[in-house]
Amino acid sequence: MAAASEEQPVINKNKRHRKEKPWDTDDIDHTWKIDPFQPDDNKGGVFTEESSFATLFPKYREKYLREVWGAVTKILDPHGIACTLDLVHGSMSVRTTRKTFDPYIILKARDIIKLLARGVAITQAQKVLQDDVACDIIKIGNLVRNKDRFVKRRQRIIGPDGSTLKAIELLTQCYVLVQGNTVSVMGPYKSLKEVRRIVLDCMKNIHPIYRIKELMIRRELAKDPKLATESWDRFLPKFRKQHLKTSEKTSKKNEKLAAKDEARKAAGLDASSSNQKEKPAKKVYTPFPPPQQPRKVDLQLESGEYFLKPHEREAREVQQRKQKQAEATLKRRAERAEVYVAPKEEAAPTVEEKRKRRHTEVDGDDGTTRSKKKKKDVDAKDT
């Protein structure tokens with residue numbers, strides 16, 4: 001008896017009621033097939049109450065919706081859903097009828113009219129009726145206050161020539177449309193969460209390329225069956241913002257300056273000239289606080305304006321304003337008059353001045369002058 005008790009393994013109390021599942025083997029595919037909902041599957045018959053949903057659409061979508069509303073009716077009619085387009089109030093509505101057999105199809109029809117209102121084409125929006133496709137409309141309008149910053153970050157989701165948006169669509173197998181203050185997404189349930197995270201992070205100033213890189217690594221890791229039971233944290237990149245202290249910033253700045261100096265020395269240039277900046281003169285330290293500045297009332301008491309009556313004060317302000325205007329007018333007039341002032345012209349030399357200039361000449365470095373006549377006399381004596 002004692003030997004039998006020793007042979008029985010110790011079972012954890014949390015796993016006491018677990019039983020072996022002989023049908024749960026490795027050759028079974030757990031991606032269960034979802035059969036379409038047929039009219040025979042509705043055992044309850046006709047719905048007791050009517051369900052309806054309505055949504056508004058912008059004015060610029062009116063023309064397109066008019067054109068495609070026949071196609072919308074044709075798509076929803078086999079499922080027993082009635083739809084209405086109200087151009088007066090600018091709304092679309094869907095409702096169940098006595099022919100409706102699928103209880104969930106009204107929510108799919110609601111998603112169709114939501115997507116149509118947000119700018120999605122009918123050829124793309126009708127795919128929501130499939131069982132493996134869902135939609136998500138992400139509101140981004142109230143995430144960033146500054147309008148210019150909002151436009152830049154929204155454009156960052158699209159990327160240059162739509163490259164970032166295309167990468168997101170390929171990696172997540174979703175259809176993404178950025179329109180106004182919303183982002184419409186269609187695709188599998190799991191991928192919708194990934195796209196929502198990318199969009200919200202982008203509006204929080206985290207570039208989509210980081211998430212795209214992570215998704216690419218995950219897709220490659222999923223191909224390796226050995227890593228199916230292991231954690232992928234060691235393979236995924238970790239992007240964190242570095243909040244540097246003031247001392248660290250100063251040391252980094254000093255390192256950059258030192259590297260710049262070395263480069264200048266190697267090039268044969270003066271290293272000190274690049275970093276020379278005029279430093280402000282150090283103030284002399286005093287333990288006493290600066291003198292208190294006079295208040296507006298104190299200034300009025302000094303000038304006597306405080307004791308003036310209201311109408312006298314207004315008259316004084318008007319007079320000061322007029323005086324300033326007069327000074328400004330005189331200044332502007334002087335500036336305009338400068339254009340019409342004739343430039344100084346040098347008078348043409350007279351005949352006598354020309355004669356004097358002709359007979360005088362400068363001698364070398366000493367700066368002395370003598371006439372040509374005297375020079376001729378000196379030359380004659382020398383000979």
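Residues take their numbers from the sequence shown, with the count starting at 1. Values below: all heavy atoms of this structure, side chains included; hydrogens, waters and symmetry mates excluded.
Around the CZ atom of Arg313, the shell of radius 6.0 Å holds more than 12 heavy atoms that belong to other residues, nucleotides or ligands. Heavy-atom neighbours of Asp41 CG from other residues, nucleotides or ligands within 6.0 Å: above the threshold of 12. Within a 6.0 Å radius of CZ in Phe37, more than 12 heavy atoms belonging to other residues, nucleotides or ligands are found. Enclosure of atom CD in Gln320 by more than 12 non-hydrogen atoms of other residues, nucleotides or ligands within 6.0 angstrom is indicated. Enclosure of atom CD in Glu67 by more than 12 non-hydrogen atoms of other residues, nucleotides or ligands within 6.0 angstrom is indicated. Summarising the local packing, NZ of Lys108 is surrounded by more than 12 heavy atoms from other residues, nucleotides or ligands at distances under 6.0 Å. Within 6.0 Å of atom CZ in Arg355, 12 or fewer heavy atoms from other residues, nucleotides or ligands are found, so the atom counts as exposed in its surroundings.
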Please walk me through it: do Glu255 and Lys252 pass salt bridge (charged side-chain N to carboxylate O under 4.0 Å, His left out)? CA-CA 5 Å; Glu255 284 174 10; Lys252 278 198 170 187; over 6 Å; no

Stepwise side chain to side chain contact (heavy atoms under 4.5 Å, CB included) test for Thr100 and Thr97: CA-CA 5 Å; Thr100 310; Thr97 60; 3.5 Å; yes

Can Phe150 and Ile140 be said to form a side chain to side chain contact (heavy atoms under 4.5 Å, CB included), step by step? CA-CA 9 Å; Phe150 167 74; Ile140 57 173; 4.0 Å; yes

Before giving the answer on side chain to side chain contact (heavy atoms under 4.5 Å, CB included), spell out for Gln130 and Lys127 the whole-Å C-alpha distance, their side-chain angles and the decisive distance to 0.1 Å. CA-CA 6 Å; Gln130 299 171 14; Lys127 294 178 184 176; 4.1 Å; yes

Show your reasoning for whether salt bridge (charged side-chain N to carboxylate O under 4.0 Å, His left out) applies to Glu312 and Arg316. CA-CA 6 Å; Glu312 291 176 343; Arg316 188 175 181 180; over 6 Å; no

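Taking 4.5 Å as the limit, some side-chain heavy atom of Cys83 sits within range of a side-chain heavy atom of Trp69. Leu171 has its side chain within reach of Arg219: a pair of non-hydrogen atoms, C-beta onward, lies under 4.5 Å apart. Put simply, the side chain of Ile112 reaches to within 4.5 Å of the side chain of Leu129, judged on heavy atoms. For the pair Ile137/Lys114, a side-chain contact is recorded, criterion being any heavy-atom separation below 4.5 Å from C-beta on. The closest side-chain heavy-atom distance from Lys99 to Asp77 is not below 4.5 Å. In this structure the side chain of Glu169 never reaches within 4.5 angstrom of the side chain of Cys174, judged on heavy atoms.
Remark: of the listed residues Lys190, Arg197, Arg196, Arg196 is the sole one forming a salt bridge (Lys or Arg N to Asp or Glu O under 4.0 Å) with Asp136.
Defined by atom type and a distance below 3.5 Å, a donor-acceptor pair is missing between the side-chain atoms of Ser184 and Arg118. Thr55 and Arg110 form no side-chain donor-acceptor contact under 3.5 Å, judged by distance and modelled atom types alone.
Of all heavy-atom pairs spanning Phe235 and Leu227, the tightest one is CE1-CD2, 4.0 Å. Smallest separation of non-hydrogen atoms from Leu85 and Leu65: CD2-O, 4.1 Å.
Linking ILVMFWY side-chain heavy atoms closer than 4.5 Å, directly or via other members, places Ile206 and Ile209 in a single hydrophobic cluster. Cluster membership for Phe57 and Ile122, using ILVMFWY side-chain heavy atoms within less than 4.5 angstrom, is shared. One hydrophobic cluster holds both Leu116 and Ile81 under the rule that ILVMFWY side chains link at heavy-atom gaps under 4.5 Å. By the rule that hydrophobic residues join a cluster once side-chain heavy atoms approach within less than 4.5 Å of another member, Leu165 and Val120 end up as members of separate clusters.
With Arg156 contributing its side chain and Val151 its backbone, the two residues share no donor-acceptor pair below 3.5 Å.
A search for salt bridge (Lys or Arg N to Asp or Glu O under 4.0 Å) contacts involving Arg66 returns Glu62, not counting sequence neighbours.
A salt bridge links Asp298 with Arg295; the closest basic N to acidic carboxylate O contact falls under 4.0 Å. Look at Glu230 and Arg234 and you find a salt bridge, because one of the NZ, NE, NH1 or NH2 atoms lies within 4.0 Å of a carboxylate O, short of that distance. Using a cut-off of 4.0 Å between Lys/Arg side-chain N and Asp/Glu carboxylate O, Glu327 and Lys324 are scored as not salt-bridged.
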